[in-house]
Amino acid sequence: MKTAGAIRWTMASAVIAAMLAGTISFRADAQSEYMRGGRMPYDAFDRLPKTDLEIGGGTIHVAFAPGETALPREKLLDWIRMSARAVTTYYGRFPVNSLRLLLVPVDGARIRGGTTWGYGGAAIRIPLGRDSTEEVLHRDWVMVHEMVHTALPDMPDRYAWLSEGLAVYIEPVARVQAGDLPAREIWQAMMRDMPKGLPQAGDEGLDNTPTWGRKYWGGAMFCLLADIEIRKATNNRLGLQDAMRGVLAAGGNHEQDWSIERILSTADKAVGVDVLTRLHGEMGPRSVTPDLAALWRELGLKRIGEDIEFDDAAPLAAIRKAITAPHG
């Protein structure tokens, strides 16, 4: 037989459990509400207060979905500013005049993968771990990655490798140019991860092989090769950065629908050489396996255990340095 104290404790426990369940349910409902829906994240901006940031000639309208975060909002806004400045450094200006950016607090202490839309105006949604620290934000790549997507016209899914490849390749280069990341770190990451983009058995080229490795790292490999070839052809005066600035200058951002042919020809015209169109003709429809080991040697990259060593006497060392150097 239960004592009165035991009964009171049992009842209190039940109430607390119900309150906790209600809190968890509320969090889940609030989270899911801003993670689904046909007009997400656009309809969120009809009912949430916004903070406007003016950066690089563009305005970023920031909205916070309901939920607590360990960091104050000003720290989160600083993270957005830092990311936007890196993208502005690479492109010479922020890619769109107006961007709607929705942050959704979720469980955890990291930045989840983001999503970028363009059909109703440039918009990004980022699930933000509510326990994320300043160090997590400083090391984050997701925000810059998604902002890079706003600088490229929308294309059919078949060519998602170009959109994702550019974002994978440009994101760390932009952060190095902005002073937020050391160059050694990104070359080390390229040497480690670029092989994930090499063709596997049954590969039918970038246009016809929608695997994760080919979409992200195969696309990034295409961008690296294009950057090097443009610099070779222009005596290292111009690179992929100038080509993609040319697309943006011609009005090509994520709010537009362009064919891949138009994107590549516009980029080629900006640098005066047909590298991107030619490379797509080679790597788009068929399997091509670049010799990455030889490429690293020519760039002056040598793996030393978990670290790397630079050889500034290597044939393409000057190109390697120019890729990450601040660009006027």
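All heavy atoms count here, side chains included; hydrogens, waters and symmetry mates do not. The first residue in the sequence is number 1, and the count goes up from there.
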Next on the checklist: Please determine whether side chain to side chain contact (heavy atoms under 4.5 Å, CB included) holds for the pair Ile260 and Trp161, giving the CA-CA distance in whole Å, both sets of side-chain angles, and the decisive distance to 0.1 Å.
Outcome noted: CA-CA 11 Å; Ile260 191 171; Trp161 62 265; 3.9 Å; yes
Item to check | With Thr150, the side chain to side chain contact (heavy atoms under 4.5 Å, CB included) member among Val87, Thr116, Leu248 | outcome: Thr116
Checklist outcome for this item: Asp52 meets the side chain to side chain donor-acceptor pair (under 3.5 Å) criterion, sequence neighbours left out, with His61
Checklist outcome for this item: Between Asp107 and Arg112, the two heavy atoms sitting closest are O-NH2, 2.6 Å
Checklist entry - Mind checking whether Leu101 and Val106 sit in one hydrophobic cluster, side chains of I, L, V, M, F, W, Y counted as touching below 4.5 Å? => result no
Next on the checklist: If you define the side chain from C-beta out and look only at heavy atoms, does anything of Thr211 sit under 4.5 Å from Lys215?
Outcome noted: no
Checklist outcome for this item: Scanning both residues in full, the closest heavy-atom pair of Ala178 with Thr89 reads CB-OG1, 4.0 Å
Checklist entry - If you count the non-hydrogen atoms of other residues, nucleotides and ligands that lie under 6.0 Å from NZ in Lys196, is the total more than 12? => result yes
Checklist entry - Within a radius of less than 6.0 Å around CG of Asn97, do more than 12 heavy atoms belonging to other residues, nucleotides or ligands occur? => result no
Checklist entry - Centre of Tyr42's six-membered ring, under 6.0 Å away, within 45 degrees of the axis: is that where NZ or CZ of Arg100 sits? => result no
Checklist entry - Okay, side chain of Arg286, backbone of Gly281: is any donor-acceptor separation there less than 3.5 Å? => result yes
Checklist entry - Do the side chains of Ile323 and Leu240 get nearer than 4.5 Å, heavy atoms only? => result no
Next on the checklist: So Leu292 and Pro195, do their side chains get closer than 4.5 Å, heavy atoms only?
Outcome noted: yes
Checklist entry - Is the backbone of Thr277 close enough, under 3.5 Å, to the side chain of Asp274 for a donor and an acceptor to pair up by distance? => result no
Next on the checklist: Any non-hydrogen side-chain atom of Val148 less than 4.5 Å from a side-chain atom of Val168?
Outcome noted: no
Checklist outcome for this item: With sequence neighbours left out, the residues meeting side chain to side chain donor-acceptor pair (under 3.5 Å) with His145 are His149, Glu164
Checklist entry - Do Val176 and Pro182 come close enough that some side-chain heavy atom pair is under 4.5 Å? => result no
Checklist entry - What residues, two or more places apart in sequence or in another chain, satisfy salt bridge (Lys or Arg N to Asp or Glu O under 4.0 Å) together with Asp203? => result Arg214
Item to check | For Met147 against Pro95, the heavy-atom pair lying closest together | outcome: O-CG, 4.2 Å
Checklist entry - Below 6.0 angstrom between ring centroids: does that apply to Tyr216 and Tyr169? => result no
Checklist entry - Is it the case that more than 12 heavy atoms not belonging to Glu306 sit under 6.0 Å from its CD atom? => result no
Checklist entry - Quick one: do Leu102 and Val96 end up in the same hydrophobic cluster if we chain Ile, Leu, Val, Met, Phe, Trp and Tyr together by side-chain heavy atoms under 4.5 Å apart? => result no
Checklist entry - Donor-acceptor pair, Glu204 side chain versus Thr209 backbone, under 3.5 Å? => result no
Item to check | Under 3.5 Å donor-acceptor, Ser163 side chain and Ala160 backbone | outcome: no
Checklist outcome for this item: Looking only at heavy atoms, the pair that brings Phe222 and His280 closest together is CE1-N, 3.6 Å
Item to check | Stepwise side chain to side chain contact (heavy atoms under 4.5 Å, CB included) check, Trp258 with Thr266 | outcome: CA-CA 11 Å; Trp258 284 19; Thr266 302; 3.8 Å; yes
Checklist entry - Do you know the tightest heavy-atom contact between Met190 and Trp296? => result O-CZ2, 3.7 Å
Checklist entry - With distance as the sole test, does Asp242 use its side chain to make a donor-acceptor pair with the main-chain N or O of Gly239 at under 3.5 Å? => result yes
Checklist entry - Are the side chain of Glu255 and the backbone N or O of Ala122 linked by a donor-acceptor pair below 3.5 Å? => result yes
Checklist entry - Does the side chain of Leu181 come within less than 4.5 Å of Pro172's, by heavy atoms? => result yes
Item to check | Within-4.5 Å side-chain heavy-atom neighbours: Leu53 and Thr59 | outcome: no
Next on the checklist: Taking Leu238's backbone N and O only, do any of them form a donor-acceptor pair with Thr234's side chain (distance below 3.5 Å, no angle check)?
Outcome noted: yes
Checklist entry - Of the non-hydrogen atoms in Gln188 and Asp307, which two are nearest, and what is the gap between them? => result NE2-CA, 3.7 Å
Checklist entry - With a 4.5 Å heavy-atom cut-off, do Leu225 and Met283 have their side chains touching? => result yes
Next on the checklist: Pair Leu128, Ile111 - check side chain to side chain contact (heavy atoms under 4.5 Å, CB included), show working.
Outcome noted: CA-CA 5 Å; Leu128 166 69; Ile111 314 302; 3.3 Å; yes
Next on the checklist: Tell me whether Gln241 contacts the main-chain N or O of Tyr90 through its side chain, where contact means a donor paired with an acceptor under 3.5 Å.
Outcome noted: yes
Next on the checklist: Quick check: is Val62 connected to Trp117 through a chain of hydrophobic side chains (ILVMFWY, heavy atoms under 4.5 Å apart)?
Outcome noted: no
Item to check | Any donor-acceptor pair under 3.5 Å from Lys50 side chain to Phe45 backbone | outcome: yes
Next on the checklist: I'd like to know if Lys321 and Asp312 make a salt bridge, using a cut-off of under 4.0 Å between side-chain N and carboxylate O.
Outcome noted: yes
Checklist entry - Are the side chain of Arg139 and the backbone of Val136 linked by a donor-acceptor contact shorter than 3.5 Å? => result no
Next on the checklist: Assess the residue pair Leu295 and Ile228 against the criterion (side chain to side chain contact (heavy atoms under 4.5 Å, CB included)); give the C-alpha distance rounded to whole Å, side-chain angles, the decisive distance to 0.1 Å, and a yes or no.
Outcome noted: CA-CA 10 Å; Leu295 182 63; Ile228 292 171; 3.6 Å; yes
Checklist entry - Between Arg81 and Asp78, is there a side-chain N and carboxylate O pair less than 4.0 Å apart? => result yes
Item to check | Basic-acidic side-chain contact under 4.0 Å: Arg85, Asp180 | outcome: no
Item to check | Hydrophobic cluster membership, Phe64 vs Leu48, 4.5 Å side-chain cutoff | outcome: no
